*Asks:* 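Sharing a structure here in structure tokens format.
This one's a predicted model, so the numbers in the text were calculated from it and none came from an experiment. Per chain, numbering begins at 1; letters A, B, ... match sequence-line order.
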Protein chains: 2
Amino acid sequence: MFEKYVKILKEKSLKITPQRIEILKYLDEHRTHPTVDEIYSELKVNNPSLSKTTVYNSLEILKEHKIIQSININGNESRYDFKNTMHHHFKCRKCGRIIDIDIACPNINKVLSEGHKIEEVHGYFKGICSECMEKEKRRG
Amino acid sequence: MFEKYVKILKEKSLKITPQRIEILKYLDEHRTHPTVDEIYSELKVNNPSLSKTTVYNSLEILKEHKIIQSININGNESRYDFKNTMHHHFKCRKCGRIIDIDIACPNINKVLSEGHKIEEVHGYFKGICSECMEKEKRRG
DNA sequence: GTGGCTGCAAATCATTTGCATATAC
DNA sequence: GTATATGCAAATGATTTGCAGCCAC
């Protein structure tokens, strides 16, 4: 079922290559905000000639066309997200998971009222997720 | 007037070294969110034997003790901020400035209500600042 | 006096670049 | 057929690490 990804690429008039399809498919099926290396290592299994450069190039062009988005909550490595609508992220320092946070901030209007033009908003929350908090409680 | 910085370090029981004082002073007097390299290059003028490793080490320990905070709005380089209270940042893609944004988001409580423990919040806004918007208007 | 700090050089790691070949259209 | 994408290797740049000597306390 590559149709879905072919369609996405076609809509943006992007060339349809197997690598781009595989990367899109991977991101769609792994909503865990994977790193470039995770994507590369996983896809290399079924396509040993895959180059990391191609992964970088493809992610960049997909991002430029707003098909995917990148997040950088650690500061040292980019992660990619198939979900392209505005939302935020929470990183748990216990389990390492990055969880989607779907809240809006009504006060953003204050920034707009000062005359700034906002094109992107990234909200990064860090702490301990609810599951890890539960585990800690149970242990006592 | 090093008293201010000596006091800050003493309060956290950190060793008082000339390098730490100079770094703190630089950050206090340059609220432009400088990079490690900017801090290093500037301080090296008056202290040629200064090492970039020391700048990294000092910033790290100051950050650990919550005397300063780091921001990473670009993804490729850390910047440092003398202001240690919670606030957000706006990066202008025209002039490159990083501007402090002092808004609170009341909806954060929704995240807390889901059981997550939030320890840090970073809000990164990107776009065009009010000054650059004005300039564009004037040009027509 | 001693443990932590500084400074130097080398290592690491994500990302970028240059370029020859391959492929989508 | 041609412009664009891929893949490889080398380069880059921020940050980290190892370690010897130095200095704050």
*Asks:* Whole-Å distance between C:dG7 P and B:L43 CG?
*Replies:* 11 Å
*Asks:* Under 4.0 Å between any heavy atoms, over every strand shown, what does A:T35 touch: base, sugar-phosphate, or nothing? Just pick one.
*Replies:* nothing
*Asks:* Could you tell me how far apart A:N76 (CG) and D:dT16 (P) are, to the nearest whole angstrom?
*Replies:* 9 Å
*Asks:* Have a look at B:T17 and say if it touches a base, only the backbone sugar-phosphate, or nothing, with a 4.0 Å heavy-atom cut-off.
*Replies:* sugar-phosphate
*Asks:* Distance only, no hydrogens: is a donor on one side chain within 3.5 Å (strictly under) of an acceptor on the other, for B:N47 and B:S49?
*Replies:* yes
*Asks:* Report the distance from atom NZ of B:K52 to atom P of C:dA9, rounded to the nearest whole Å.
*Replies:* 14 Å
*Asks:* Quick check: are there more than 12 heavy atoms from other residues, nucleotides or ligands sitting under 6.0 Å from NZ of B:K10?
*Replies:* no
*Asks:* Measure CG/B:N47 against P/C:dG7 and give the value in whole Å, please.
*Replies:* 6 Å
*Asks:* If you assign each of B:K15 and B:K44 to its closest nucleotide in DNA chain C, which residue comes earlier from the 5' end?
*Replies:* B:K15
*Asks:* Whether B:Q19 contacts C:dG7 is assessed here as follows: a side-chain N or O lying under 4.0 Å from the phosphate OP1 or OP2. Is that the case?
*Replies:* yes
*Asks:* Between B:R79 (CZ) and D:dA14 (C1'), how many Å, whole number?
*Replies:* 13 Å
*Asks:* For the pair made of CD in A:E22 and C1' in C:dT23, what is the distance, rounded to whole Å?
*Replies:* 17 Å
*Asks:* Locate the shortest heavy-atom distance separating B:H65 from B:I61; write the atom from each residue and the value.
*Replies:* ND1-O, 2.9 Å
*Asks:* For DNA chain D, whose closest nucleotide is more 5', that of B:E60 or that of A:P48?
*Replies:* A:P48
*Asks:* Pick base, sugar-phosphate or nothing for B:N57, based on heavy-atom distances below 4.0 Å to the nucleic acid.
*Replies:* base
*Asks:* Between B:I16 (CD1) and C:dG3 (P), how many Å, whole number?
*Replies:* 20 Å
*Asks:* Any side-chain N or O of B:S51 below 4.0 angstrom from OP1/OP2 of C:dC8?
*Replies:* no
*Asks:* Can the ring centres of A:H88 and A:H122 be said to be less than 6.0 Å apart?
*Replies:* no
*Asks:* Would you name the heavy atoms of A:G127 and B:E119 that are closest together and state the gap between them?
*Replies:* CA-OE1, 3.5 Å
*Asks:* Check every strand shown and say whether A:S58 touches a base, only sugar-phosphate, or nothing at a heavy-atom separation below 4.0 Å.
*Replies:* sugar-phosphate
*Asks:* For the side chain of B:Y56, starting at C-beta, report the closest nucleotide among C:dC5, D:dA24, D:dT15.
*Replies:* D:dT15
*Asks:* In whole angstrom, give the distance that lies between atom CD1 of B:I21 and atom P of C:dC5.
*Replies:* 14 Å
*Asks:* On DNA chain D, does the nearest nucleotide to A:P18 precede the nearest nucleotide to B:E77 from the 5' side, or the other way round? Give the residue.
*Replies:* A:P18
*Asks:* Can you find a side chain N or O atom of B:S49 that sits less than 4.0 Å from OP1 or OP2 on C:dG7?
*Replies:* yes
*Asks:* Would you please confirm or rule out a distance under 4.0 Å between OP1 or OP2 of C:dT15 and any side-chain N or O of A:T53?
*Replies:* no
